[in-house]
Amino acid sequence: MQSSTLDEKNLFYQLTPDFVLDAVESFGWRTTGEYLQLNSYENRVFSVRVEEPVGTQIIVKFYRPQRWSETAIREEHAFLNELEASEVSAIAPLKQKSGSTLTKHHGLWSAVFPKARGRMPQEFTNDDLTRLGRVLARLHNVGASRKSKDRPILDVESYGRPALRTIEPLLTPMLRDRYLDTAEIILDYLEDVLDPRRFQRIHGDCHRGNVLQTDEPGRPKEFFLIDFDDFGMGPPVQDIWMLFRRDDEEFKDEIDAFITGYEELREFDSSQLSLMEPLRGMRIIHYAAWIARRWHDPSFPLIFPQFGSDAFWLEECQALEKVAARLE
């Protein structure tokens, strides 16, 4: 079993064009041989051109080994199908020739998605945010319809403290106590105010990079969401705070515009706004732990060359202190 796991990881780190194209062929599509690797830190994702329909591109995703169980991935796919059936702007996986949306190819769980035509907006106008509010409201209406059984829970016990334990040994000695004291303030605050009974299925990683806008001539521009890899159970505001920059002078107008659209389709609990900063703090802690856990991936030292340095931890500590100073 240990040898098999090692082989899967080595394969994941060294996917070749032949492997990717052979996989797509085995899933039921004839390829033209044209492919492009897309940016993805967590998984390996490729755009592949197929013969039918002529000129069509599909997206093939190889999940990182040992991260999600089969049941957890299938829950992600089921949620995406629910969203699509409810006309929520998200991209559901395609059925492969096996009849399933998920196949294990040489030990790697794999899925295929239609190619989404869109671009990442550089800025959001208030009208954009109102329309995006409607999209998130629809998503949360579907998410609230049932519970997730096998996806992560975004609370302090499951998400925050394990991350803090991961990075504690890595903290530079001169900042260790300062960092830990500030992190504990934030996590203690969240333990007091988060109510898991109000958790529901959410996107989980709804930052601006996962929001695309259609860009087809003659068609109205619409927003849609991608990358549900962190889909799980949590407070709905987790899908909202990453879309905003608290330091922007326009923050108040922007959040009001978003809520205006959101409340057209779903009630918004304004008390959730007080969770935005502490959730940001827990995300800072979790993100550093995520890098640490992925350090054995050959790409991570290249992507994050400053990780673990005194300068890195100082910047992280200052970011947490900024959050802690804003707790209400």
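Along the sequence shown, the residues carry numbers beginning at 1.
Proximity of a side-chain donor or acceptor of Ser89 to a complementary backbone N or O of Phe223 within less than 3.5 Å is detected. Side-chain atoms of Ser158 never come within 3.5 Å of backbone atoms of Asp155 as a donor-acceptor pair (strictly under, hydrogens ignored). Side-chain N or O atoms of Glu75 include one that pairs as donor or acceptor with a backbone N or O of Lys149 at under 3.5 Å. Within the 3.5 Å criterion, the main-chain N or O of Asp205 finds a donor-acceptor partner in the side chain of Asn210. Of the possible polar contacts, none joining the Thr172 side chain to the Leu175 backbone as a donor-acceptor pair under 3.5 Å is found. Listed for the Ser148 side chain is no donor-acceptor partner under 3.5 Å among the backbone atoms of Gly232.
His105 and Ser110 share no side-chain donor-acceptor pair at under 3.5 Å. In this model, no donor atom of one side chain and acceptor atom of the other lie less than 3.5 Å apart for Thr125 and Asp127. No hydrogens or angles considered: a donor-acceptor pair under 3.5 Å links the side chains of Ser145 and Arg201. Using a 3.5 Å distance cut-off with no hydrogens or angles, the side chains of Ser100 and Arg74 do pair a donor with an acceptor. Checked by atom type, the side-chain pair Glu277/Tyr189 shows no donor-acceptor distance below 3.5 Å.
Here the closest heavy-atom approach between residue Leu273 and residue Ile255 is recorded as CD2-CG1, 4.0 Å. Heavy atoms only, all atoms of each residue included: His77 and Pro93 are closest at CG-CG, 3.6 Å. Closest non-hydrogen pair, Pro121 versus Val211, comes out as CD-O, 3.5 Å.
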Can you check side-chain hydrogen bond (donor to acceptor under 3.5 Å, both in side chains) on Tyr159 and Gln238, steps first, answer last? CA-CA 13 Å; Tyr159 189 87; Gln238 172 66 17; 4.9 Å; no
Check against ring-ring contact (aromatic ring centres under 6.0 Å, His included), Phe228 and Phe113: CA-CA 12 Å; Phe228 281 71; Phe113 295 81; 9.6 Å; no
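For Arg30, the CZ atom is loosely surrounded, since the number of other residues' heavy atoms within 6.0 Å does not exceed 12.
Ile240 places none of its side-chain heavy atoms less than 4.5 Å from the side chain of Gln272. For the pair Leu275 and Trp241, the minimum side-chain heavy-atom distance is 4.5 Å or more. Between Arg280 and Met242, the closest side-chain pair of non-hydrogen atoms is not below 4.5 Å.
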Quiz: residues 258-266 side-chain donor-acceptor pairs under 3.5 angstrom, not counting sequence neighbours:
unit_1	atom_1	unit_2	atom_2	d
Thr260	OG1	Asp256	O	2.8
Tyr262	OH	His140	ND1	2.8
Tyr262	OH	Arg266	NE	3.1
Glu264	OE1	Arg134	NE	2.7
Glu264	OE2	Arg134	NH2	3.3
Arg266	NH1	Asn141	OD1	3.1
Arg266	NH2	Gln200	OE1	2.7

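Asp297 and Arg44 are joined by a salt bridge, as a carboxylate oxygen and a charged side-chain nitrogen come within less than 4.0 angstrom of each other. Salt bridge Glu222/Arg138: absent, no basic N to carboxylate O contact under 4.0 Å. A salt bridge is defined here as a Lys NZ or Arg NE, NH1 or NH2 lying under 4.0 Å from an Asp or Glu carboxylate O, and Lys104 with Glu70 fails to meet this definition. With respect to the salt-bridge test (charged N to carboxylate O, under 4.0 angstrom), the residues Glu191 and Arg161 qualify.
In this structure, Tyr41 has its ring center under 6.0 Å from that of Phe304. Checked against the 6.0 Å centroid criterion, the rings of Phe12 and Trp109 do not qualify as a close aromatic pair. Residues Tyr179 and Trp313 bring their aromatic ring centres within 6.0 Å.
Screening Phe300, Tyr287, Trp295, Trp290 for a ring-ring contact (aromatic ring centres under 6.0 Å, His included) involving Phe307 leaves a single residue, Trp295.
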